[in-house]
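Quick caveat: nothing in here was measured; it's all calculated off a predicted structure. Along the sequence shown, residues are numbered consecutively beginning with 1.
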Amino acid sequence: MDLASCDNQNPVVLPPGQCVFLLTRAQSGSVSPLFFSLQDLNLEAKTLCGTGLVFDEQLNEFHCLWDDSLEYIDLMETTQYMNEGELRILADTYDSVYLHPNSYTCACLASGSVLRLVDAVLRNEIRNGMAIVRPPGHHAQHSLMDGYCMFNHVAVAARYAQQKVLIVDWDVHHGQGTQFTFDQDPSVLYFSIHRYEQGRFWPHLKASNWSTIGFGQGQGYTINVPWNQVGMRDADYIAAFLRLLLPVALEFQPQLVLVAAGFDALQGDPKGEMATTPAGFAQLTHLLMGLAGGKLILSLEGGYNLRALAEGVSASLHTLLGDPCPILESPSAEKEEERPWQPSVLPVLTWPMLQARTGLVYDQRMMGHYNLWDNHHPEMPQRVFRIMRRLEELGLAGRCLTLPTRPATDAELLTCHSAEYVGRLRATEKMKTRELHREGSNFDSIYICPSTFACAQLATGSVCRLVEAVLVLNGTAVVRPPGHHAERDAACGFCFFNSVAVAARHAQCPRSLRSPSLPRILIVDWDVHHGNGTQHIFEEDPSVLYISLHRYDHGTFFPMGDEGASSQVGQAAGTGFTVNVAWNGPRVGDADYLAAWHRLVLPIAYEFNPELVLVSAGFDAARGDPLGGCQVSPEGYAHLTHLLMGLANGRVVLILEGGYNLTSISESMAACTRSLLGDPPPLLTLSRPPLSGALASITETIQVHRRYWRSLRVMSEQTWETGGDGAHERAGIRGRIGESTHTQGSPSCGSRVCPIPESGLDVTQPCQDCGVLQENWVCLSCYQVYCGRYISAHMLHHHEDSGHPLVLSYVDLSTWCYNCEAYVHHQALLDVKNVAHQNKFGEDMPHSH
């Protein structure tokens with residue numbers, strides 16, 4: 001059996017010996033033998049590493065002969081005995097269906113195959129799985145074939161599981177059969193992202209629009225994201241997942257995730273006409289693997305370009321197996337008005353061959369740095385010892401590749417520190433106790449002992465050693481003293497050499513990543529204190545994006561002052577590449593950090609598209625820390641780490657910074673290391689929604705950085721700051737998805753809408769410059785009509801000549817503000833939108849409730 005034979009000219013090679021091939025079964029209980037291959041299943045620390053794969057050659061044994069009630073099942077069963085004419089007559093009674101004598105057998109086998117995976121996942125035989133089956137199923141309804149589908153495999157599997165199930169349907173066609181099955185069931189959350197085009201795309205149903213949210217007890221548990229134009233890209237799908245699906249899914253807390261995995265949104269598919277890539281689907285799969293303890297099953301639906309289909313399935317399977325997500329070719333969510341978008345050739349993906357997945361650096365000699373005058377100083381030697389002991393107790397250290405440590409060279413240190421400063425610290429090795437005390441008092445929050453220079457040099461060199469390791473994918477650096485407060489020429493806040501900054505510069509040296517240009521480095525600093533040193537070192541450098549989340553308390557929290565304010569955005573060429581999320585109080589926890597990740601950190605990070613991610617992993621925001629006063633859990637840190645691992649081809653390095661509760665830092669670093677090793681993040685129960693103050697901090701940073709990052713212009717934060725936790729409130733929020741992807745616009749936006757002409761609007765009117773009928777916009781100041789960016793960009797030229805800011809799309813009735821550089825929604829736009837809707841569809845615009 002050759003799983004790579006979808007396209008014989010360009011086979012896709014799947015990794016051998018890593019999947020658990022399961023016996024398939026028909027729903028009747030009959031078993032069709034495939035073969036078993038079970039290799040390298042590592043169950044250490046009770047962690048499942050297997051991916052199930054079901055496929056049967058019999059699924060190929062039906063084709064079109066021409067070019068769930070018992071009565072319905074009985075009718076389908078009789079198709080085995082019909083002749084061609086009878087099959088044609090029966091198929092013609094349904095929408096987009098063909099039948100073959102083997103259709104019933106194959107449909108039963110497909111549904112049974114998905115159920116076999118559900119059994120294996122729920123019994124903890126495997127972690128996740130993929131069902132390569134046909135015919136597809138998500139259009140099939142209770143007693144109705146539809147859209148090539150006879151039985152709804154995912155719906156049957158959800159009923160069979162009898163648990164809280166999240167169904168994600170990313171097929172380019174809306175899975176109306178699945179939606180109708182569960183639209184009154186609060187135990188199943190159905191999320192579909194599909195091409196709609198105001199109902200003109202199959203299946204042509206109003207129920208496929210965003211306004212359908214479920215009924216009765218199921219109200220709020222149906223979420224539709226309808227695309228109203230073709231050409232949607234990876235960034236669009238990722239934005240929908242980050243801004244909508246993941247926050248809702250974390251609230252829903254599924255016990256199993258099922259994916260109706262159609263690949264007809266891939267670039268080159270003749271039906272979908274979208275522009276996503278296999279790497280994009282790898283990213284979506286990775287994001288879903290953080291839910292339900294990793295219990296995730298993909299079931300094949302549509303996909304009609306054989307090459308693209310094979311690549312898409314292969315990329316998703318690689319991700320299920322724990323391989324890193326490929327770097328996206330064009331990750332930005334930007335809507336470029338200046339030039340038409342042109343699809344590129346579908347890239348050929350490759351995956352690295354690694355000796356080990358996760359590297360680990362630790363050296364007991366780093367305990368030699370200690371406070372000569374205060375045995376109870378929070379930055380104590382036991383910090384790294386306790387972390388390593390916990391990693392060993394859990395068997396995590398043994399699963400890592402332990403790398404030899406080394407001190408940093410002077411050349412490495414001088415990339416971020418002055419020669420005078422390095423010499424000054426080196427001189428402390430020969431100082432007497434009184435001199436050391438005097439020298440330490442010259443800096444802010446610093447103690448020095450005779451071993452300090454050697455320990456700081458060893459910590460920084462060990463991080464460089466981890467970054468340069470080409471045989472590992474990611475890594476953990478259990479090092480001290482910390483580094484992110486260290487300035488170019490001054491120690492600060494327990495820190496001497498800025499290990500993260502030096503490692504970033506080391507990674508940009510050609511022998512590390514071997515990049516012809518300066519590699520893009522993302523530094524995420526989640527230490528509870530602002531990394532003033534790191535910020536200053538890179539504040540003029542656009543090749544390093546620095547994102548810090550820290551307590552600020554209006555400038556009164558260490559290191560004090562306004563350096564950690566959201567208004568600090570970098571300087572010169574580095575403007576926009578310093579991002580500060582400034583918490584203004586204690587008790588910030590998992591919900592707040594995840595909200596920042598979904599709304600701010602990850603959108604910017606995907607747009608920046610780094611080649612390496614370095615994390616200043618201080619754990620003083622952890623629950624129980626004596627200095628931080630925050631409430632992040634080890635499980636929360638595991639999820640933050642997992643979400644970052646979708647970036648930079650999985651090359652993520654965690655470097656210990658602060659954290660002063662020995663139990664908290666040990667458990668938190670262990671949780672992060674589990675994620676780096678590929679274990680699914682543990683179930684995370686959010687005890688509360690994000691704090692209003694935390695949301696205000698996130699929103700403030702978004703407002704500051706919207707001018708620099710297009711990915712921040714697609715969502716109004718005001719639509720998320722809605723109180724209430726009942727089903728009615730949730731339904732209302734989810735029902736507004738069609739509007740929540742627009743900003744509210746500036747207060748002056750509404751005043752820019754001029755009265756509608758007495759003649760009304762004609763949505764069929766051609767461009768006044770070139771006469772084309774596609775992708776036209778109407779100016780809401782003068783009501784002249786011009787074509788958009790996909791044609792000749794005449795509306796953009798009209799704006800540049802006239803200064804008129806607001807335009808309305810005749811394609812999807814969205815409104816763009818050139819002044820805000822964003823899609824906007826404003827109360828003053830409702831009348832003109834409704835007139836256009838009446839002209840386009842012959843009826844008033846639907847309301848959100």
Side-chain angles (χ1 to χ4, degrees), residues 45 358-408 445-466 475-485 493-497 499-500 503 526-529 615-628 634 637-638 641 653-677:
T358 301
L360 176 65
V361 290
Y362 167 75
D363 196 314
Q364 193 166 345
R365 289 178 293 173
M366 285 181 268
M367 295 179 67
H369 167 65
Y370 62 95
N371 193 316
L372 295 169
W373 306 274
D374 182 3
N375 291 332
H376 301 287
H377 191 280
E379 208 292 281
M380 60 182 65
Q382 291 85 348
R383 295 174 62 242
V384 290
F385 174 78
R386 286 284 295 273
I387 290 174
M388 273 305 299
R389 189 175 73 179
R390 188 59 177 152
L391 294 180
E392 290 168 351
E393 289 172 350
L394 295 173
L396 300 174
R399 294 170 59 189
C400 298
L401 177 65
T402 301
L403 299 170
T405 59
R406 64 168 178 84
S445 302
I446 285 294
Y447 68 80
I448 306 175
C449 74
S451 301
T452 295
F453 175 79
C455 290
Q457 192 181 31
L458 185 59
T460 301
S462 298
V463 177
C464 290
R465 175 69 186 90
L466 188 54
T476 299
V478 184
V479 297
R480 66 177 291 272
H484 69 144
H485 294 307
F494 314 159
C495 303
F496 299 90
F497 295 134
S499 301
V500 166
W526 68 44
D527 189 284
V528 80
H529 302 93
V615 181
S616 275
F619 295 106
D620 37 9
R623 192 169 51 214
D625 189 272
L627 300 186
Y637 282 119
T641 303
V653 176
L654 268 61
I655 300 100
L656 180 65
E657 296 282 1
Y660 308 102
N661 178 309
L662 299 183
T663 299
S664 296
I665 62 174
S666 301
E667 295 298 335
S668 298
M669 185 61 95
C672 293
T673 303
R674 280 190 183 277
S675 289
L676 292 177
L677 285 164

### Task
Please collect all ring-ring contact (aromatic ring centres under 6.0 Å, His included) contacts where either partner lies in residues 383-406, sequence neighbours excluded, each pair once.
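Of all non-adjacent pairs touching residues 383-406, none passes ring-ring contact (aromatic ring centres under 6.0 Å, His included).
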
### Side chains of D374 and H376, donor plus acceptor under 3.5 Å
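There is no such pair between these side chains.
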
### Task
Determine whether the side chains of T460 and S499 contain a donor N or O and an acceptor N or O closer than 3.5 Å.
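S499 and T460 do have a side-chain donor-acceptor pair below 3.5 Å.
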
Which heavy atom in [X] sits nearest to a heavy atom in [Y], and how many Å separate them?
X    : Y    : value
S675 : A638 : OG-O, 3.0 Å
L677 : C400 : CD2-SG, 4.1 Å
C464 : A503 : SG-CA, 4.2 Å
E657 : R383 : O-NH2, 2.6 Å
T358 : L676 : OG1-O, 3.2 Å

With rounding to the nearest 0.5 angstrom, report the [atom1] to [atom2] distance, [X] to [Y].
X    : Y    : atom1 : atom2 : value
H529 : H485 : NE2   : NE2   : 6.0 Å
R386 : N661 : CZ    : CG    : 8.5 Å
S462 : L466 : OG    : CG    : 9.0 Å
L372 : I448 : CG    : CD1   : 10.5 Å
D620 : S668 : CG    : OG    : 10.5 Å
M366 : T405 : CE    : OG1   : 6.0 Å

### Task
Check the pair L654 / T641 against side-chain contact (heavy atoms from CB on, under 4.5 Å), numbers first and verdict last.
CA-CA 9 Å; L654 268 61; T641 303; 4.1 Å; yes

### Task
With salt bridge (Lys or Arg N to Asp or Glu O under 4.0 Å) as the test, would you mind laying out the steps for R390 and E393 before giving the verdict?
CA-CA 5 Å; R390 188 59 177 152; E393 289 172 350; 3.1 Å; yes

Contact between [X] and [Y] at the side-chain level, heavy atoms closer than 4.5 Å - yes or no?
X    : Y    : answer
S664 : D625 : no
P481 : C455 : yes
T452 : F496 : yes
D363 : V361 : no
P404 : R465 : yes
E379 : Y447 : yes
V463 : V500 : no
P634 : M669 : no

### Message
Please verify the inter-ring angle class for W526 with Y637; under 30° counts as parallel, over 60° as perpendicular, anything in between as tilted.
### Response
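Because their plane-to-plane angle lies in the 30° to 60° range, the rings of W526 and Y637 count as tilted.
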
### Task
Let me see the working for Y362 and L391 under side-chain contact (heavy atoms from CB on, under 4.5 Å), right down to the final yes or no.
CA-CA 11 Å; Y362 167 75; L391 294 180; over 6 Å; no

### Query
Among pairs that include at least one residue of residues 451-461, which meet salt bridge (charged side-chain N to carboxylate O under 4.0 Å, His left out), considering only residues two or more places apart or in two chains?
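Pairs touching residues 451-461 that pass the test: none.
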
### Task
Output, in order, the C-alpha distance, side-chain angles, deciding distance and verdict of side-chain contact (heavy atoms from CB on, under 4.5 Å) for N371 and C449.
CA-CA 7 Å; N371 193 316; C449 74; over 6 Å; no

### Task
Apply the test side-chain contact (heavy atoms from CB on, under 4.5 Å) to residues S666 and M388: give CA-CA distance (whole Å), side-chain angles for both, the deciding distance (0.1 Å), then the verdict.
CA-CA 8 Å; S666 301; M388 273 305 299; over 6 Å; no

### Message
So if I apply the ring pair (Phe, Tyr, Trp, His ring centres under 6.0 Å) rule between F494 and each of H369, H484, H377, which one comes out positive?
### Response
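For F494, the ring pair (Phe, Tyr, Trp, His ring centres under 6.0 Å) test succeeds with only one of H369, H484, H377, which is H377.
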
### Message
Check whether T476 reaches the backbone of L360 with its side chain - one donor and one acceptor, N or O, closer than 3.5 Å.
### Response
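Absent.
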
